[in-house]
Protein chains: 2
Amino acid sequence: MTTVEERENLSATDSTLNPRIVPLPVDPKLRKVQDDFIRKWGEMGAIWGINRTMAEIHALLYITGLPLCTDDVMDRLHISRGNASMSLRALCDWGIIRRMHRRGERREYFESLGDVWEMFSIIAAERKRREMDPVLETIKQCIRELEPDRIGKLAEDEAFRRTRQRLDGMEEFMSVTNKIFQQFVGNAKSGLNKVVRVLLKAL
Amino acid sequence: MTTVEERENLSATDSTLNPRIVPLPVDPKLRKVQDDFIRKWGEMGAIWGINRTMAEIHALLYITGLPLCTDDVMDRLHISRGNASMSLRALCDWGIIRRMHRRGERREYFESLGDVWEMFSIIAAERKRREMDPVLETIKQCIRELEPDRIGKLAEDEAFRRTRQRLDGMEEFMSVTNKIFQQFVGNAKSGLNKVVRVLLKAL
DNA sequence: TTGAATATTCAGTACCTATTGAAACTTTAG
DNA sequence: CTAAAGTTTCAATAGGTACTGAATATTCAA
């Protein structure tokens, strides 16, 4: 971690060189709260299907509400440059953080989306696409392969009937779930979206 | 895997000893369909927060709709006794498969719940308890720690205000989500439950 | 109580994912 | 163009989770 010292030496001797927008040292009380949040968010990355480091970086950007650069992230979370770089890129790919250029600055900054609803919509959309859609496709394929014209008189066999029944149950469930996701994901640009408003009113 | 042969030799010489309720060999067409389903379900275990083997065992029990014993599972999925035992127990703990005794039989059998809605309710309830509740608790704790009477005049500081704002946004989101889960989980004993019916009507 | 059938546990290992850190690459100011 | 700043890549490896299979425990019929 020589980079840190180097950078701090530089700022000490010439504070206009490589100035970070927000110095990392922060009021200890605030910092504790932020760290608690970051830790928990990291542990719970599983909910998102995201690994710990990615979750922590996101948590840091979200909770501070500031654009931070790679070095800020490295310093605050004690992770390597490579890790920070890859994870930041992955978060950008997900679309829940964004790159930010500052006029006249070389360094790139990253900031989190501020709207939680939008963030979760994005995540939901992506996971639906990656995880639910393929399963639904497989199930439909399975049902097709068990259609009577493919299996002939075996269609009456007990084992076939049971399996087809189970496939039907699963298909119904996933189709309905899919539709709901679609809605949630579709009009979710900001704030409580339609799905949620409908539910809150009705319950 | 000597166990398999031993067991099969036994059945060959004395078919009343250790009879498995359903012989594993199954019509190849049906078997292919079941295997496709099992494979995909295993790959997608992540959705559930469950590992591949557990997901595959569950898929097998679900798709066949039959009570199977540990050896059936081992043979069909080519996994070790230890693995089968641990995974079956974990699935029982989740509550999505059940142990079954057959009168006059020593061996234990396992069968999957048949109602997909009930299964997912159970899973949702468990994940909410394990994953969402602790995060919400942490967030509330963070908000408490940033209350003006704890941090005094710092409450007006820009950094504090931003962090508090972010915490509030997250809290709103998670509280609402939590309520919806609660409903889904509460009255979900069977079939399309209230939450889903409300949504389907409204959308 | 005994022993055969069955079930569970767990130390060791295989396998896989995440992380590091140094080298290679890119960009821009001068 | 060159040097300095910044970014990305990737081989090596650390670290963690899942799996095996033999040892141990449990159950039940006789």
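Chain identifiers are assigned alphabetically (A, B, ...) following the order of the sequence lines, protein sequences preceding nucleic acid strands; residue numbering begins at 1 within each chain. These numbers were taken from a predicted model, which means no experiment stands behind them.
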If only side-chain N and O atoms count, and only distance matters, is there a donor-acceptor pair under 3.5 Å linking B/Q141 with B/R144?
yes
Where along residues 51-59 of chain B does a heavy atom fall under 4.0 Å from DNA chain D?
B/N51, B/T53
Whole Å only: how far is the CZ atom of B/R107 from the C1' atom of C/dA4?
13 Å
Atom pair distance, as rounded to whole Å: CZ in A/R102 and P in C/dT28:
17 Å
Between A/M86 and B/R89, which residue's closest nucleotide on DNA chain C lies nearer the 5′ terminus?
B/R89
Given D/dC19, is OP1 or OP2 found less than 4.0 Å from the side-chain N or O atoms of B/S80?
no
Atom-to-atom span, CD1 of B/I79 to P of C/dC15 - whole angstrom
16 Å
Which residues share a ring-ring contact (aromatic ring centres under 6.0 Å, His included) with A/F181, sequence neighbours left out
none
Using side chain to side chain contact (heavy atoms under 4.5 Å, CB included) as the criterion, list what pairs up with A/E43, not counting sequence neighbours.
A/R39, A/K40
Give the ring-plane orientation class for A/W117 versus B/F173, where under 30° counts as parallel, over 60° as perpendicular and anything between as tilted.
perpendicular
Between atom CZ in A/R81 and atom P in C/dT26, what is the gap in whole Å?
18 Å
Which residues pass the ring-ring contact (aromatic ring centres under 6.0 Å, His included) test with B/Y62, sequence neighbours left out?
none
Considering only heavy side-chain atoms of A/R99, the closest of D/dT8, D/dC19, C/dT20 is D/dT8
Taken to the nearest whole Å, CE/A/M74 to C1'/D/dT7 is 11 Å
Table of protein N/O atoms under 3.5 Å from nucleotides 24-29 of chain D N/O atoms:
residue: D/dT27; atom: O2; partner: B/R106; partner atom: NH2; Å: 2.9

Using atom CG of A/L88 as one end and atom P of D/dT9 as the other, report the distance to the nearest whole Å.
13 Å
Would you check if A/I38 and A/D35 make a side-chain contact, meaning some heavy-atom pair closer than 4.5 Å?
yes
Distance check needed: D/dA11 C1' versus A/N83 CG, whole Å only.
16 Å
Are B/T163 and A/Q34 close enough that some pair of their side-chain heavy atoms sits under 4.5 Å apart?
yes
Less than 4.5 Å apart, side chain to side chain, heavy atoms only: is that true for B/V26 and B/T64?
no
Which donor-acceptor pairs under 3.5 Å do side chains of residues 86-99 of chain A form with protein atoms, sequence neighbours excluded?
residue: A/S87; atom: OG; partner: A/N83; partner atom: O; Å: 2.9
residue: A/S87; atom: OG; partner: A/N83; partner atom: OD1; Å: 3.2
residue: A/R99; atom: NH1; partner: A/E108; partner atom: OE1; Å: 2.8

